[in-house]
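Heads up: the structure comes next, in structure tokens.
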Amino acid sequence: MKKSALIIGAGGQDGAYLAQFLLQKDYKVYCGVRRTASADHWRFRHLGIERDVELVYLELAEESNVARLVSRIQVDEIYNLAAQSYVGTSFEQAIYTAEIDAVGVCRILEAIRNYSAHTRFYQASTSEMYGKVMEVPQSETTPFYPRSPYGVAKLYGHWITRNYREAYNMFACSGILFNHESPLRGPEFVTRKAVIGLASIRLGRMEILNLGNLDAKRDWGFAGDYVVGMWLMLNAQEADDYVLATGHTRSVREFLNAAATCLDFELEWHGSGESEVGTDRKTGKTVVAVDAAFYRPAEVDLLVGDATKAHQKLGWKPQTSFDQLVSMMVEAEVARLTGPHA
Ligand code: NAP
Ligand code: GDD
């Protein structure tokens, strides 16, 4: 019989790639999205899957909404990708972030426990939980030290998932995913913001790209590879928690250098901290500047993951290199900016 899955938070970057992957595996895919005034499911359109998924309205703040839907559709698998996922905003909206990213997870687990006990559950946990890292690289056994209201809320989501697995024998997994990007990344995250900015500058449509901390280091992979790992977790023999990461880390500055190279210009760096600027080597013009408004009250300086367990137990490995990821993002952005809908 055809398998079925509900993706909660399906309208986001990972949701779209996961929906596409599950459709390729011949699943019936329910895409849980919020009702908004401007329902523009551009990511489904981009992947050409808008007619193949069944949209269902789902608001994680609304307990009875979650319970009714989970009870009605009786799916084999639920992937919870919904979150207030922007770390910066979590400092301004800490309570809302906890409501969705922490308590929201418990609402889903309760609905499964009460109305759909056979359903397997995936929780989108995050490397942000390692925060002020206690060891390098970070693995499933590294102690957590979150540095943002987002990280703290996600830590609750992580532990409540594990708790329901142990207490009620539920098939509930937590994927501790390191940063993963794509042409479908939200424009406020640093990789996509950098690519939009540098491509616009290259096309003469923008003068300067303003960013925050250029020294932060992240383990950046391709989102399309990571959704495969989510599915492998729910289709393993036993429920468990896994890190998904590339094992390589790069600074924001290094990401900018790589993106600039793809756009045929070379950045030169001058100064430090708030006075640092990146200039175009050919013209000498400043194209990147630091704006302290983008600094965070507490920062995560270095993330680099060890995905050995996922490799050994699930056979998962990232397929896309850092350079391939950057050039894929740059190419897509240039096409967007110069295409018929620009
Ligand atoms: P994203 O693009 O921001 O997508 C998040 C989705 O959650 C959006 O579709 C959003 O809906 C939905 N959502 C937010 N609040 C909701 C609510 N109250 N009720 C229902 N849906 C809600 O994030 P992503 O990059 O795809 O990440 C997917 C998940 O993985 C998130 O939980 C994120 O925290 C986690 N994660 C991401 C990364 C990464 O590097 N991408 C790494 C580790 C963990 P709208 O479209 O209506 O806003
Ligand atoms: N967004 C943003 N904008 N970040 C900037 C900027 C800027 O202008 N300038 C510097 N940065 C730095 C941030 O301070 C951070 O250290 C780093 O770039 C990455 O920022 P984001 O791209 O916003 O990602 P994140 O690492 O904070 O969070 C992402 O990854 C987590 C996994 O580690 C999100 O996808 C989270 O949802 C996810 O859990």
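All values below were derived from every heavy atom in this structure, side-chain atoms included, with hydrogens, water molecules and symmetry-related copies excluded. Just so we're clear, the structure is a prediction, and the values are computed from it rather than from any experiment. Just so you know, ligand 1 is whichever comes first in the structure, and atom 1 is the first atom listed for that ligand.
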Would [X] count as a contact of ligand 1 if the rule is a heavy atom under 4.0 Å away?
{"X": "Ser125", "answer": "yes"}
{"X": "Glu99", "answer": "no"}
{"X": "Tyr86", "answer": "no"}

Interatomic spacing from [atom1] in [X] to [atom2] in [Y] - rounded to 0.5 Å:
{"X": "Gln319", "Y": "Thr246", "atom1": "CD", "atom2": "OG1", "answer": "12.5 Å"}
{"X": "Leu22", "Y": "Asp52", "atom1": "CG", "atom2": "CG", "answer": "12.5 Å"}
{"X": "Thr338", "Y": "Leu203", "atom1": "OG1", "atom2": "CG", "answer": "6.5 Å"}

Report the member of [options] with the shortest heavy-atom distance to [atom].
{"atom": "atom 14 (C) of ligand 1", "options": "Ala83, Gly9, Cys31", "result": "Ala83"}
{"atom": "atom 48 (O) of ligand 1", "options": "Gln84, Arg34, Glu128", "result": "Arg34"}
{"atom": "atom 5 (C) of ligand 1", "options": "Leu81, Asn80, Val227", "result": "Leu81"}

Hey, is ligand 1 close enough to [X] that some N/O pair sits below 3.5 Å?
{"X": "Leu60", "answer": "yes"}
{"X": "His180", "answer": "yes"}
{"X": "Asn179", "answer": "no"}
{"X": "Asp14", "answer": "yes"}
{"X": "Glu59", "answer": "yes"}
{"X": "Thr36", "answer": "no"}

Per-atom contacts, ligand 1 versus [X] - under 4.0 Å to a heavy atom:
{"X": "Thr126", "result": "43 (C), 44 (C)"}
{"X": "Ser85", "result": "1 (P), 3 (O), 23 (O), 33 (C), 34 (O)"}
{"X": "Ala124", "result": "29 (C), 30 (O), 32 (O), 35 (C)"}
{"X": "Gly11", "result": "9 (O)"}
{"X": "Leu177", "result": "42 (C), 43 (C)"}

query = Salt bridge or not for Lys28 and Glu54, using N-O below 4.0 Å?
reply = yes

request  = Taking only Lys NZ, Arg NE, NH1 and NH2, and the carboxylate oxygens of Asp or Glu, determine whether Glu62 and Arg34 approach each other closer than 4.0 Å.
outcome  = no

Any side-chain donor paired with an acceptor under 3.5 Å for [X] and [Y]?
{"X": "Gln123", "Y": "Ser174", "result": "no"}
{"X": "Ser139", "Y": "Thr141", "result": "yes"}
{"X": "Tyr295", "Y": "Glu274", "result": "no"}
{"X": "Glu77", "Y": "Tyr27", "result": "yes"}
{"X": "Trp269", "Y": "Asn257", "result": "yes"}
{"X": "Asn210", "Y": "Lys193", "result": "no"}
{"X": "Asp215", "Y": "Ser251", "result": "no"}
{"X": "Glu128", "Y": "Ser148", "result": "yes"}

query = Regarding Arg120 and the six-membered ring of Phe171, is the cationic atom NZ or CZ under 6.0 Å from the ring centre and inside 45° of its axis?
reply = yes

Residue, atom name and distance, where the atom is the protein heavy atom closest to [atom]:
{"atom": "atom 9 (O) of ligand 1", "result": "Gly12 N, 3.0 Å"}
{"atom": "atom 25 (O) of ligand 1", "result": "Arg185 NH1, 3.3 Å"}
{"atom": "atom 32 (O) of ligand 1", "result": "Lys154 NZ, 2.8 Å"}
{"atom": "atom 2 (O) of ligand 1", "result": "Gln13 N, 3.0 Å"}
{"atom": "atom 36 (N) of ligand 1", "result": "Tyr150 OH, 3.9 Å"}

message = As a test of reading the model: which residues have a non-hydrogen atom less than 4.0 Å away from ligand 2?
response = Ser85, Tyr86, Val87, Thr126, Ser127, Glu128, Tyr150, Asn179, Arg185, Glu188, Phe189, Val190, Lys193, Leu211, Gly212, Asn213, Ala216, Arg218, Val252, Phe294, Arg296, Glu299, Leu303

note = Closest heavy-atom pair, Gln138 versus Phe178, reported as atoms and distance to 0.1 Å, is OE1-CE2, 3.3 Å

Which one holds for [X] and ligand 1: side chain close, backbone close, both close, or neither close, with close meaning a heavy atom under 4.0 Å?
{"X": "Ile100", "value": "side chain"}
{"X": "Phe189", "value": "neither"}
{"X": "Tyr96", "value": "side chain"}
{"X": "Leu58", "value": "backbone"}

Enumerate, atom names and distances included, each donor-acceptor pair closer than 3.5 Å involving a side-chain atom of residues 10-19, sequence neighbours excluded.
residue: Gln13; atom: OE1; partner: Ser182; partner atom: N; Å: 3.3
residue: Gln13; atom: OE1; partner: Ser182; partner atom: OG; Å: 2.9
residue: Gln13; atom: NE2; partner: His180; partner atom: O; Å: 3.0
residue: Asp14; atom: OD1; partner: His180; partner atom: NE2; Å: 3.2
residue: Asp14; atom: OD2; partner: His180; partner atom: NE2; Å: 2.6

inquiry  = By the salt bridge (charged side-chain N to carboxylate O under 4.0 Å, His left out) test, which pairs, at least two apart or in different chains, include something from residues 324-336?
reply    = Arg192-Glu333, Glu333-Arg336

key: Full working for side chain to side chain contact (heavy atoms under 4.5 Å, CB included) between Met230 and Leu177   = CA-CA 9 Å; Met230 297 176 188; Leu177 272 51; 3.7 Å; yes

Indicate every side-chain donor-acceptor pair of residues 301-309 with a distance under 3.5 Å to a residue at least two apart or in another chain.
residue: Asp306; atom: OD1; partner: Thr308; partner atom: N; Å: 3.0
residue: Asp306; atom: OD1; partner: Thr308; partner atom: OG1; Å: 2.4
residue: Lys309; atom: NZ; partner: Asp240; partner atom: OD1; Å: 3.1
residue: Lys309; atom: NZ; partner: Asp240; partner atom: OD2; Å: 3.1
residue: Lys309; atom: NZ; partner: Asp241; partner atom: O; Å: 2.8

message = When you measure from atom 21 (N) of ligand 1 to the protein, is at least one non-hydrogen atom found at a distance under 4.0 Å?
response = yes

